[in-house]
Amino acid sequence: MSTADCGVFVPPVPTAGLISRIPPVLLPRRRIVLLGGSFDPVHAGHLTMARAALDQLEADEVWFIPATQAPLKSRPLTPGEHRRKMLEIALQDEPRMRVETCELEREGESFTIDTVRYLKKEHPDCDFTFLVGSDQVEQFHKWKEADALARLVKFAAVARDGRSPRTKYPIHYIHMDPVPVSSTEIRRGNRLNYVPQALLDYFYANRLYCKEFVQSRVPQHRYMHSLSVARLTEQFAAAAGLDANQAWLTGLFHDVCKAMPADRMRPWLEAVCPQELTMHPAAWHSYVGAQVTDRVFGIHDPRISNAIFHHVKGTSDDPLAMCVFCADKLDPLRGYDSYDLIDLCCRDLKAGFEKCRETNREYVDSHRKDAVWTN
Ligand SMILES: [Fe+2]
Ligand SMILES: [Fe+2]
């Protein structure tokens, strides 16, 4: 206690140190929704769920908790560092959402009970609600120490189709309009409009899911050819001082429309390059592939589109287009000895390209007239 000259009590001025000593119980409590999952990758459905939780649970924040390896899933996950970065990209314009990495930092499998105990200890000023999908409610009894967990934290779930699965545990149901997308669909290259372009750019910069995108659209032998052409295109590009990842993507996607039926390709050609309709339908996959790579897969790279467009006939002298044209013709899986020409392309791309074009012309002249279109 202190007194001024007049004898009136003057309270001491609070300092930062004093404020920091106020017991947590006196601070306003924050309401946090915890959203665990693989997020492999995160998509619009997750964000819609988080927004519904913020609104209906009157929460202050949603924390996304990517799991190391979800205990009830056997599929190997994309490395945690990538899933964390993808979440950061997806949440960059969401000030009330953030990534909590405690499970990634912990060794071994992720168990919710361990996460909840850790977070309650680290954040005594927070009230947590754990949000799960309605499909997980029916499995909740299988979770590690489910009864103890239910006593530690509140649970909320999304009611799907107005359905609230039966469980002995208290669950607060929230409602949201269904978002027709799943991480499985995204990994197969479907419904990519449900992830932001910045996330697609991250996929392609880090070669995430790209192989599955192609594999889900072509037969196995064509997929193996695509992988082989990707490797060879990258090899030629590296030797020529070009961007290796750009080359790998070009090689991987060059035949992505090879198995598309002609009647599905025709509307693409009519809309974008009707002059190519006069070409043999077996060549259409190059023109449509260039469009699909850009518009469906979101690889907005004019050089990649150009290289795929010209990969059948070798009609572009852009170095990247030369790389994929040569790689396509010299793919070792074609079963003939292409070693010398591969070596030439690595030493002198232009000379290798001219030689490949010449060899291709000779092949076409000595076989049926549409042989060129089968590449
Ligand atoms: Fe090919
Ligand atoms: Fe092709």
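Index from 1, following the sequence. Order of appearance sets the numbers: ligands from 1, and atoms from 1 within every ligand.
- His225 contributes NE2 and Asp328 contributes OD1; the angle these two atoms make at the Fe ion (ligand 1) is 80°, rounded to 10°.
- Residues satisfying the side-chain contact (heavy atoms from CB on, under 4.5 Å) test with Arg347, not counting sequence neighbours, are Asp343, Leu344.
- At least one N, O or S atom of His311 sits under 2.8 Å from the Fe ion (ligand 2).
- Here Asp255 reaches the Fe ion (ligand 2): one of its N/O/S atoms is less than 2.8 Å from the metal.
- Distances from the Fe ion (ligand 2) to the N/O/S atoms of His285 are shortest for NE2.
- Residues Thr115 and Arg106 have side chains that bring a donor and an acceptor to within less than 3.5 angstrom of each other.
- Sorted by first and then second residue, the pairs that involve residues 76-90 and meet side chain to side chain donor-acceptor pair (under 3.5 Å), not counting sequence neighbours, are Asp40-Thr78, Glu81-Arg84, His82-Tyr202, Arg84-Glu88.
- If you look at Phe297 and Phe253, their ring centroids are closer than 6.0 Å.
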